[in-house]
Amino acid sequence: MSPTPRAVLLAALGLAVALVPVALDAALWTVWVAVVAPSALALAVDGLLTLRVGRLQARCVPPSTLYIGDADALEVQLEGAPHGATPVTLLLEAGPLLAPAPPVGVVVRGGAATATVPLRPLRRGTADLRALWIRWQGPLGLMARVVRVPLDAQVPITPNVRAVRAAALRLFTDRTYLAGLKAQRYLGDV
């Protein structure tokens with residue numbers, strides 16, 4: 001568990017507010033305690049209310065094949081957080097054959113949620129899907145938990161033949177092809 005930027009800002013503001021009276025008179029050190037104690041209490045309460053690591057489970061379903069030039073998606077199914085809504089951020093750790101995916105945000109409501117992480121292959125080969133990083137915050141937004149879910153999945157990347165397949169299907173299902181006729185252009189035709 002780690003503090004969020006909001007917690008750091010709260011601590012910095014609390015420090016500034018607490019130092020002003022102490023700088024004026026050393027006898028006002030109780031102001032320091034009056035400011036730091038509620039901040040520490042808020043951090044502790046947020047840490048206790050943050051969803052535990054074992055309560056959130058992730059299951060990933062990678063595509064069977066990736067095609068160069070086409071974006072596909074890694075489907076992530078999250079289970080946990082039985083009460084309330086928990087905003088979760090997903091980040092994919094992948095090999096060099098995939099373009100870095102942006103963080104994906106999803107809200108886990110009612111114990112389940114589904115998200116898709118975009119996969120964009122850069123060149124042929126075998127893509128390594130190493131791990132999925134999951135981050136969520138407490139209800140006050142002061143503390144956050146980060147979990148690394150190892151995937152250890154490999155997906156083949158092949159040249160994009162989807163357009164050729166679509167044209168072939170269109171050609172083979174055309175009635176003129178079944179009748180033995182074929183549309184053909186000649187040199188000079190428009």
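- Contact between P62 and A153 at its shortest, heavy atoms only, is CG-CB, 4.4 Å.
- For P3, the side-chain contact (heavy atoms from CB on, under 4.5 Å) partners are A7, M143, not counting sequence neighbours.
- Contact record, P118 with A101: O-CB, 3.4 Å, taken as the closest heavy-atom pair.
- Every residue two or more places apart in sequence or in another chain that forms a side chain to side chain donor-acceptor pair (under 3.5 Å) with Q154 is listed here: D128.
- When hydrophobic residues (I, L, V, M, F, W, Y) are linked wherever their side-chain heavy atoms come within less than 4.5 Å, the members clustered with L13 are L9.
- Residues L92 and L74 meet the side-chain proximity criterion, which asks for heavy atoms closer than 4.5 Å.
- Scored by the side-chain contact (heavy atoms from CB on, under 4.5 Å) test, P150 finds R148, D152 as partners (sequence neighbours excluded).
- Annotation: side chain of V107 is not in contact with side chain of V88 (no heavy-atom distance under 4.5 Å).
- Looking only at side-chain heavy atoms (C-beta outward), L90 and P103 stay at 4.5 Å or farther from each other.
- Side-chain contact between T89 and V104: absent, with no pair of heavy atoms (C-beta onward) separated by less than 4.5 Å.
- Note: the hydrophobic cluster containing I68 also contains V155 (ILVMFWY, side chain heavy atoms under 4.5 Å, direct or indirect links).
- Judged as a salt bridge (charged side-chain N to carboxylate O under 4.0 Å, His left out), the pairs with a partner in residues 60-73 (not counting sequence neighbours) are, in order, D70-R162, D72-R162.
- With a 4.5 Å cut-off on side-chain heavy atoms, L78 and V106 count as touching.
- G141 and T4 make their closest contact through O-OG1, 2.6 Å (heavy atoms, listed as atom of the first residue, atom of the second, distance).
- Note: L66 CG to L97 CG = 10.0 Å, rounded to the nearest 0.5 Å.
- The two residues A73 and L119 make their nearest non-hydrogen contact at C-CD1, 4.1 Å.
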Pairs of donor and acceptor atoms involving the side chains of residues 129-138, under 3.5 Å and at least two apart or interchain, shall be tabulated with distances.
from : atom 1 : to  : atom 2 : distance (Å)
W133 : NE1    : E93 : OE1    : 2.9
W136 : NE1    : L51 : O      : 2.9

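- In this structure, S2 OG and L142 CG are separated by 11.5 Å, a value rounded to the nearest 0.5 Å.
- Within the structure, no pair that satisfies the side-chain hydrogen bond (donor to acceptor under 3.5 Å, both in side chains) test touches residues 5-24, not counting sequence neighbours.
- For V61, the side-chain contact (heavy atoms from CB on, under 4.5 Å) partners two or more places apart in sequence, or in a different chain, are R59, E75.
- Both L10 and L140 belong to a single network of hydrophobic side chains, linked directly or stepwise wherever heavy atoms of I, L, V, M, F, W or Y lie under 4.5 Å apart.
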Output a table of donor-acceptor pairs, distance under 3.5 Å, between side-chain atoms of residues 37-44 and any protein atom two or more places apart or on a different chain; print 'none' if there are none.
from : atom 1 : to  : atom 2 : distance (Å)
S39  : OG     : V35 : O      : 3.2

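- Scanning both residues, P121 and Y67, for their nearest heavy atoms gives CG-O, 3.3 Å.
- There is a path of hydrophobic side-chain contacts, each under 4.5 Å, that joins V108 to V149.
- For residues 115-124, no residue pair satisfies the side-chain hydrogen bond (donor to acceptor under 3.5 Å, both in side chains) rule, not counting sequence neighbours.
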